[in-house]
Structure formats: structure tokens, C-alpha cells
There are 2 protein chains.
Amino acid sequence: MATTPAATPPLLRRVNASKLLGVLSTAGVMTGTGLIEATGLTRATVHAVCNDLIAMGWVVELDPGHDAPGTPVGRPSRRFEFNSQAGYVLGIDVGAAKTTVLLADLRGDTVAKAGRSFAEVRTPTEQTEVVNQAVLETLAAAGVSDQEVLAAAVGIAAPVDRDGNILVDDEFWRRFDAGLTARLSELHGWPVLLENDANLAALGERWRGQAREVDDLVVLLAGERFGSGLMDSGRLLHGSRGGAGEMVYLKMVEGVGDTAGIARTARERGAKAVADPVVQTSLRALAGDKPVTAELVFAAAASGDQVALGILDEVTTRTARVVATLAILFNPELVVIGGAVAEAAKSLLPSISEQLAGFTATPPRVAASSLGDAIVSVGAVRRALNYVEEHALDLQLRARRA
Amino acid sequence: MATTPAATPPLLRRVNASKLLGVLSTAGVMTGTGLIEATGLTRATVHAVCNDLIAMGWVVELDPGHDAPGTPVGRPSRRFEFNSQAGYVLGIDVGAAKTTVLLADLRGDTVAKAGRSFAEVRTPTEQTEVVNQAVLETLAAAGVSDQEVLAAAVGIAAPVDRDGNILVDDEFWRRFDAGLTARLSELHGWPVLLENDANLAALGERWRGQAREVDDLVVLLAGERFGSGLMDSGRLLHGSRGGAGEMVYLKMVEGVGDTAGIARTARERGAKAVADPVVQTSLRALAGDKPVTAELVFAAAASGDQVALGILDEVTTRTARVVATLAILFNPELVVIGGAVAEAAKSLLPSISEQLAGFTATPPRVAASSLGDAIVSVGAVRRALNYVEEHALDLQLRARRA
DNA sequence: GAATCTAAATTTAGAATCTATATAAATCAA
DNA sequence: TTGATTTATATAGATTCTAAATTTAGATTC
């Protein structure tokens with residue numbers, strides 16, 4: 001009947017241990033005195049908690065020594081360090097055309113990376129197999145066993161609710177294998193979390209991107225697809241069925257913004273240019289036999305092609321309108337634009353910012369992502385680390401450094 | 001240095017007392033055994049906590065008796081009840097044209113109500129004075145003293161951030177007195193919380209309106225103004241400067257949706273109708289000397305006036321578009337339409353719902369508010385009660401029933 | 001009316017945890 | 001070697017919980 005268990009004395013230890021571990025996981029080597037200051041606990045408690053954490057494998061004790069660089073007086077301190085090799089996490093980006101897998105230690109530092117194209121993939125089962133190959137590659141490269149992996153997070157281009165379920169069954173989201181997470185978990189034994197790719201992008205940007213210290217954030221993912229991750233007060237928004245931030249149905253972004261849309265527009269304009277020999281464009285040639293990709297359009301624009309430039313101008317104008325709408329409705333402090341289109345949009349950020357000022361009373365800052373291709377997989381690593389931090393004191397470690 | 005204080009044994013009592021009080025505040029009379037089941041605590045702890053809460057004034061003990069209606073066997077139970085008269089809260093709606101004040105007990109039941117028009121108000125100071133008159137009226141009517149008031153919440157039609165500050169300084173939001181909360185607090189001694197009116201409407205709908213049990217919610221306030229309150233996973237969104245859900249700058253709602261916009265449109269159409277005697281409309285007469293209000297348009301539409309009906313049709317079409325945009329971006333389970341326009345829109349809900357289905361994969365339910373005029377003030381009461389619940393164990397009560 | 005039954009209340013003992021204080025340890029400097 | 005200094009550890013006391021034993025208050029039975 002009771003929703004949460006009763007608060008008993010061991011809860012105190014849990015709370016204090018969790019807090020101390022949180023401090024250690026972001027700081028470097030710390031002494032007992034340093035932990036007293038950082039946590040507000042007394043010396044006796046700090047040492048008791050540290051002893052517990054060392055026994056569990058979360059913390060390693062270094063040789064005693066002095067902390068301050070000044071005159072070393074008094075008994076040397078015990079020195080504690082978060083054991084970043086106590087386990088590993090996987091961040092997996094399952095995109096439309098390819099997958100990216102990051103294996104990271106508990107500090108979040110990448111220890112191995114792998115990617116695979118989905119070009120040969122025909123069925124969902126094959127897709128899962130390809131993802132698994134990339135996973136195995138990272139584990140082998142770093143010499144990490146399944147027992148050492150504490151969690152994995154997978155990002156997909158579909159709405160995912162708070163419980164990691166895909167509730168929307170729709171043609172737009174049919175491209176991936178709904179059994180992916182169950183299959184990976186079954187094969188390897190580690191928990192696999194599922195999350196929307198744009199949401200993970202938001203986590204990534206806030207952790208290691210442009211949005212550090214930012215609590216109210218919109219990340220616009222403009223790459224293979226056009227979507228957004230929304231964060232209010234540091235919390236991701238999901239909506240009732242995981243659809244928060246999705247824009248597939250938004251009229252204003254119809255067909256433009258993602259790379260497929262750009263390529264299609266380029267093919268049309270290229271064909272039109274064939275009929276009008278006055279217009280000089282490299283897209284005309286491309287419209288024939290070779291497939292026109294968004295990358296080719298970016299390249300053409302970079303070398304001054306007028307038609308390509310016109311297409312990108314249109315893309316950024318539409319992007320600006322979307323940013324304005326999101327900025328008005330969510331009032332974020334910052335909007336980060338990520339994905340393949342981000343690179344091209346970078347030079348247009350000032351004009352987007354300028355347009356924004358006219359639309360809202362408190363326009364957000366606008367920035368381009370610097371995480372590039374890894375925007376989703378880095379966020380997935382962060383998601384997996386969040387899970388580990390939440391469950392740290394319940395997890396059984398198989399530590400390397402003891 | 002430490003952000004939160006260390007967890008010490010007294011924290012356990014706080015946690016358990018808070019949980020038990022939460023159970024009692026929503027349930028009716030409860031026995032010790034009932035509380036054991038509801039909280040998961042042991043009998044000894046339940047009684048210890050109850051004794052504490054009785055001493056503090058939050059709980060009253062009734063004569064012992066048997067709970068179950070069956071054969072009464074064994075020692076009679078002690079019976080506990082939340083002391084809903086332990087204090088009172090105020091919910092204050094400061095609108096553009098008037099203010100509504102609710103005085104409620106700790107269960108949230110209204111014990112007094114008052115309203116005042118701002119028609120005679122010229123300055124912000126005068127406005128505060130009028131609000132204060134309404135407050136005094138409720139206190140006098142219920143015979144409640146300032147000492148018994150534990151908190152008040154004020155709703156205004158402007159962005160308010162999480163700390164209750166108005167950060168946006170803009171012509172749209174200049175209508176009220178920025179010193180209102182400080183003044184009330186100074187006059188009466190109770191804490192005064194400030195919050196955006198649409199956000200309060202969302203709290204109100206979730207508490208006592210159409211959105212009970214709904215965690216992902218949008219409330220569209222279409223009355224004196226057009227704004228929305230957004231809730232994700234039961235939490236209100238604010239954005240970085242309190243602007244989340246504001247739509248003043250949204251092109252798609254420009255000038256229509258609020259009552260002032262409706263009145264203006266009506267005046268224009270009325271004037272046009274004067275020039276075209278073929279059109280039959282009561283608005284023509286109204287366009288002359290008397291001021292045309294939205295209420296008159298609603299009334300005219302109700303009696304079949306074609307021009308008025310045309311205006312309302314336009315309003316609902318635009319409303320539908322806004323609902324669709326919010327539904328796509330936030331993926332709520334439910335959209336509640338409240339405010340003066342809500343009544344008129346009620347009959348058009350089915351068609352709005354229908355349009356929505358074409359726009360989104362998982363369209364939300366759409367409902368009209370049943371809280372009427374009180375939508376914001378009821379939410380303000382809920383906001384104040386939330387504050388009281390959060391701070392219950394720190395507050396010094398001046399109980400009536402001891 | 002006394003004994004018995006029952007469920008609840010209360011008391012007691014034990015465990016976990018914290019703080020505060022006292023004691024011990026390790027290092028440098030004189 | 002002794003003293004100063006800082007840190008680590010041990011001990012005592014307080015708070016709070018659980019679990020088990022005991023008491024209590026009313027209903028039922030003999």
C-alpha cells in the first residue's frame with residue numbers, strides 16, 4: 001500500500017554515501033578534510049562512508065599524502081579517488097543510416113568507439129545484429145567484459161516514453177527494431193535503456209557540449225531527421241507518450257530541415273536547372289545518374305554554387321522559424337543546433353539570433369553543437385551514467401582496481 | 001560548501017512525519033492500523049509520529065473507536081484526523097479587469113470568497129489597495145486572523161520565474177503592481193508567492209478540474225488574455241525566465257483569442273456592417289456609442305447573429321491551430337481550455353478534437369474547463385497549499401482546534 | 001460477574017546511524 | 001628527543017527505527 005518504504009536508519013547512510021560518491025565522481029583525488037568541506041559530514045562519518053565505498057569497489061584509496069602544496073605539517077591525509085574503472089557504460093546511437101557506439105569508463109571518458117553502416121541492412125533483425133557487432137568491437141578493443149558493463153543506453157529517432165517504451169506506432173518510426181534493447185540485454189546481461197535521440201542530444205550538450213550549466217535548454221537535431229530535445233530546470237520533457245519535442249507533424253518544418261529533405265529539394269532544383277541553361281549550378285550534373293545527397297549540397301554551397309546556397313538559405317530561414325517557436329513556447333536560456341545541418345548553419349547563427357530578437361522578449365542564446373557526429377552517443381553515455389549513479393549503491397561491482 | 005545538510009537521524013522523523021501527514025491530509029479519519037498500511041511504518045513509529053503531529057497542531061485525535069463496520073472486537077483504535085482548521089491559505093487572481101480572492105482551509109475547501117473590479121483603478125498602488133480590500137473582506141467574513149493564514153499565492157498575467165520573480169519587463173506585462181506581493185506580505189505577515197496565471201490554471205485543473213490524475217497537461221487560458229500552462233510529469237514548466245507557455249509573441253495567435261481581440265474584431269466588423277445594410281447583425285448597433293465587449297459577441301452568437309458566429313468560428317479555428325501546435329510539441333495527455341472563451345468554445349470541442357487527429361499521431365483529449373471564473377484562484381489555493389505542505393514541519397501553527 | 005478472546009497500544013531491547021569529544025598516530029621542525 | 005600540528009580512530013551519547021514482549025480496553029463466553 002505504501003508507495004515508498006519507511007525511512008529507517010540505513011537510509012541515512014545511503015543518502016550520505018550517495019552524496020559523497022557524487023562529489024568524488026566529479027572531483028579528482030580528495031582528502032578526508034576536503035570531503036568534510038564538500039559534503040558537510042563530520043570526519044567520523046566521512047571515513048566510515050569511504051570505508052564502505054572502498055569495500056564496495058566504488059572508491060580506491062591512494063597512498064597518504066598532503067593535499068596543500070604549502071608547508072606539509074601534521075599527519076598525512078588518507079587520499080580517496082573515484083574508481084572510474086569500477087565499471088563501464090555503453091552509449092549507442094541507432095540512426096537511420098548508421099550506428100555509433102561509445103564505450104566509456106565511469107568518468108565518461110571514451111575507451112573505445114565503433115561505427116557501422118546500415119547500408120546492407122534489410123530487416124530489423126539484421127539491424128540489431130549490426131549494432132551488436134559494433135558493440136562487440138568496442139568491448140574487444142578495450143578488453144572489457146560484459147560483467148564490467150553496468151548499463152547501456154540506446155538513442156533512436158522515435159518517441160520513447162519515460163519508461164523506455166515505444167508507444168507510437170507509425171510509419172515514421174518503423175525503421176528500427178523494437179526488440180533491439182531486449183535482444184542486447186539478453187545477449188550481454190547488462191541493462192539497456194532506450195531514449196529518444198534528440199533527448200540524448202540534449203543530455204550530451206549539457207554534459208560535454210555548449211550547454212554546460214544550462215538548465216533550460218532546447219537542442220534542435222537537424223540531421224537525418226528534424227527533432228528536438230527539451231529540458232526544463234535540468235529535466236528532460238517526455239510528454240505522455242514520449243512525443244515531446246517531436247516535430248514531424250509540425251506544418252512549419254514539413255519536408256525541409258533534415259538531410260533527406262535537402263537532398264530531395266536539390267534533385268528538384270537540379271532538374272529545373274537542366275531546363276534553364278542560364279543558371280550555373282553543379283547540382284544539374286548531379287541530378288542525373290548519381291544520387292544527390294545533402295553532403296553534396298553543403299559542398300556545392302561551400303564552393304559558391306548559387307542554387308545550393310539558395311537551398312541552404314531556405315533551410316536556415318525555416319530553422320529560424322522553428323527556433324523562434326520553440327523559444328517562445330519554452331523560454332530556454334539556450335538553443336543548440338546539432339546534427340549534419342548544424343555545420344552548414346553555423347555561419348548563419350548570427351542572423352538567426354537577430355531574427356529571434358524580434359520574435360521574443362527574452363530571446364535565447366543560439367549555438368551550434370561542437371559534438372558533431374557524437375552528439376547522440378555522448379548523450380547516451382551520459383544517460384547510462386545517470387542510471388549507474390542512481391543505482392550505484394545497489395549494484396554489485398566486479399572491480400578491476402580494488 | 002555543502003549544498004544540502006548532512007543526513008542525521010532527525011531527518012528520518014521528518015521524512016516519515018511528512019509522509020504520514022500527506023496521507024492524513026488527503027484521507028479522512030484514520031486509525032493507527034490504517035496508517036500502518038498506508039505508510040509502511042511500524043505501529044510504534046506511527047504512534048510516535050502521530051503524537052508529534054498532534055503536539056504540533058497538524059493532527060487532532062478523536063475518541064477511540066472501531067474502524068471496520070463489522071463486529072467490533074479487540075481494543076478500540078486511536079483515531080486521527082488531519083486538522084484542516086490548523087491554518088488557512090489565500091488564492092488570489094489578479095486579472096486585467098478584476099481580482100478574485102479565495103480563502104480556503106488546509107483541505108482546500110473555500111471558507112470565504114470576494115471579488116473587486118479594477119474599473120476605478122488608475123495606478124499600481126491603487127490596484128494593490130483594491131486587492132487588499134478583497135483579502136480583508138474574506139478574512140473578516142470567515143473570522144480568520146492573519147496569524148492563521150499560512151501562505152498566499154497570487155496569479156498574474158505575466159511571466160514569473162521559479163523563484164517568483166518577474167524578469168520580463170515589457171509593455172504587455174505592465175498592467176499590475178510589481179510591489180504587490182511585498183506589500184501584502186508586509187501588511188499581513190504571511191508569505192506571498194507569485195506565479196503565472198496560466199500555470200496556476202494548470203494546477204487548478206489537475207487538482208479540482210478536468211485534469212485529475214493527469215500528469216502531462218496543457219491548459220489554454222483564453223480569456224482576458226491568451227496563454228498556456230504546461231505540465232510535464234506533474235511538474236510545471238517555467239523556462240529560464242518564467243516565459244514557458246507564453247504566446248504573446250506567437251504569430252499564429254496574433255490579436256485573436258483573448259476577449260480584447262474579440263471585441264476589437266467585433267467593432268471592426270460592426271463598422272463594416274454599417275456600410276452594408278444587407279447584413280443583419282446586432283453588432284452594427286453596438287459599434288456606435290456603447291463599448292463592444294466579448295460578452296456581447298458571445299451573446300449575439302448565442303442568439304444566432306451571423307457576424308458574431310463568424311467571429312467565434314474564426315476564434316475556434318485559431319484556437320484549434322494553437323492546440324495542435326502545443327499538442328505536437330508537448331505531447332500532453334489532455335488539453336483543457338479555460339477562461340471566458342472556453343464557454344463559447346465548448347460546443348466546438350468535438351471539431352477541434354477531430355482536426356487534431358489529423359495533425360498528430362497521438363492526439364490529446366480536449367476538454368473545456370468546468371472551474372469557470374475560479375480557474376486561476378483555485379490554482380492559487382493549490383499553490384499555497386503546496387507551499388504549506390512543503391514547509392509543514394517548519395511552520396509554527398496557531399491552531400484553532402487543539 | 002469472572003474468565004477469555006481479540007486487536008490495538010505501549011513498553012522494552014537491540015541495531016543503525018549520526019555528532020561530539022577524547023585519544024592515538026604520523027610527520028616536520030626545533 | 002621533544003613539541004607542534006594535523007589527521008585518523010575510538011568511545012560515549014543522542015535519535016530513530018524495528019521487532020518482540022507486555023499491557024490495555026472492550027466484547028464475548030461461561
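Naming convention: chains lettered A, B, ... in sequence-line order (proteins, then strands); numbering from 1 in each chain. Values in this document were obtained by computation on a predicted structure and should not be read as measured data.
Summary of the strand contacts: A:G74 and A:A17 both lie near DNA chain C, and taking for each the nucleotide with the nearest heavy atom, the more 5' one is attributed to A:A17. In terms of position on DNA chain D, the residue among A:A6 and A:F80 whose nearest nucleotide sits closer to the 5' end is A:F80.
B:D232 places no side-chain N or O within 3.5 Å of a backbone atom of B:D216 that could act as its donor or acceptor partner. Proximity of a side-chain donor or acceptor of A:R208 to a complementary backbone N or O of A:E205 within less than 3.5 Å is not detected. Within the 3.5 Å criterion, the main-chain N or O of B:V378 finds no donor-acceptor partner in the side chain of B:R382. With hydrogens and angles disregarded, no donor-acceptor distance shorter than 3.5 Å links the side chain of B:S185 to the backbone of B:A182. B:T26 places a side-chain N or O within 3.5 Å of a backbone atom of B:V23 that can act as its donor or acceptor partner. Counting only distance, with no hydrogens or angles, the side chain of B:T45 and the backbone of B:L41 share no donor-acceptor pair below 3.5 Å.
In this entry the distance linking NE2 of A:H47 with P of C:dT17 reads 18 Å, nearest Å. Straight-line distance from the CG atom of B:D63 to the P atom of C:dA9: 14 Å, rounded to whole Å. As rounded to whole Å, 16 Å separates atom C1' of C:dA7 from atom CG of B:L35. Atoms CD1 (B:I36) and P (C:dA7) sit 14 Å apart, rounded to a whole Å. Rounded to an integer number of Å, the gap from CZ of B:R79 to C1' of C:dA7 is 16 Å. Per the geometry, CZ belonging to A:R78 stands 19 Å off P belonging to C:dA24, to the nearest Å. The nearest whole Å value for the distance from the CZ atom in A:R14 to the P atom in D:dC17 is 18 Å.
In summary, the side chains of A:H238 and A:E195 do present a donor paired with an acceptor at a separation below 3.5 Å, with no hydrogens or angles considered.
With distances taken from any side-chain atom of A:R75 to the nucleotides D:dA8, D:dT18, C:dT19, the minimum falls on D:dA8. If you check D:dG26, C:dA8, D:dT5 against the side chain of B:P76, the one that comes closest is D:dG26.
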Tabulate protein N/O versus nucleotide N/O from nucleotides 11-16 of chain D, keeping only pairs under 3.5 Å, one per line.
none

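Contact check, A:T42 against C:dT19: a side-chain N or O comes under 4.0 Å of OP1 or OP2. OP1 and OP2 of C:dT19 both lie 4.0 Å or more from every side-chain N or O belonging to B:T8.
Remark: C:dA13 base-pairs with D:dT18. Criterion, Watson-Crick or G-U wobble with two distances under 3.5 Å.
Using a 4.0 Å heavy-atom distance criterion, B:R43 is classed as a base contact.
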